[in-house]
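First the structure, in the form of structure tokens, and then the observations on it.
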Amino acid sequence: MLDKCKASADAAGVSATLVHVEDKRPAEAILELSRAQGRDLIVMASHGRRRLGRLLLGSQTAEVLSYTEIPVLVVR
């Protein structure tokens with residue numbers, strides 16, 4: 001899956017570094033890695049779920065937004 005993401009980035013002319021973090025929830029890994037690497041922006045996708053759907057399913061994007069001091073760009 002990561003190879004497909006890298007190929008898409010390359011095709012779009014975007015420099016991308018792939019990182020796979022095991023044994024952590026996605027939001028936790030994103031927050032830790034962005035802090036450790038001194039990133040100044042986090043870009044995340046959102047399915048656009050609202051209210052009850054977000055509460056029931058949880059949202060990694062919402063969690064990152066809640067706990068980061070780094071700006072987050074949310075893309076649908």
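Under the side-chain hydrogen bond (donor to acceptor under 3.5 Å, both in side chains) criterion, Glu28 pairs with no residue, sequence neighbours left out.
Other members of the cluster containing Val74 are Ile30, Leu31, Ile42, Met44, Val64, Leu65, Tyr67, Ile70, Val72, with ILVMFWY side chains joined at under 4.5 Å, either directly or via other members.
With values rounded to the nearest 0.5 angstrom, Thr68 atom OG1 is found 13.0 Å from Arg39 atom CZ. Between the CG atom of Asp3 and the CE atom of Met1 there is a distance of 11.0 Å, given to the nearest 0.5 Å.
A donor-acceptor pair under 3.5 Å links the side-chain atoms of Gln60 to the main chain of Ala27, judged by distance alone.
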Without placing hydrogens or testing angles, list every side-chain donor-acceptor pair under 3.5 Å for residues 12-23, not counting sequence neighbours.
none

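Residues Arg35 and Glu69 are not paired through a salt bridge, judged by the lack of any N-O separation under 4.0 Å between the basic side chain and the carboxylate.
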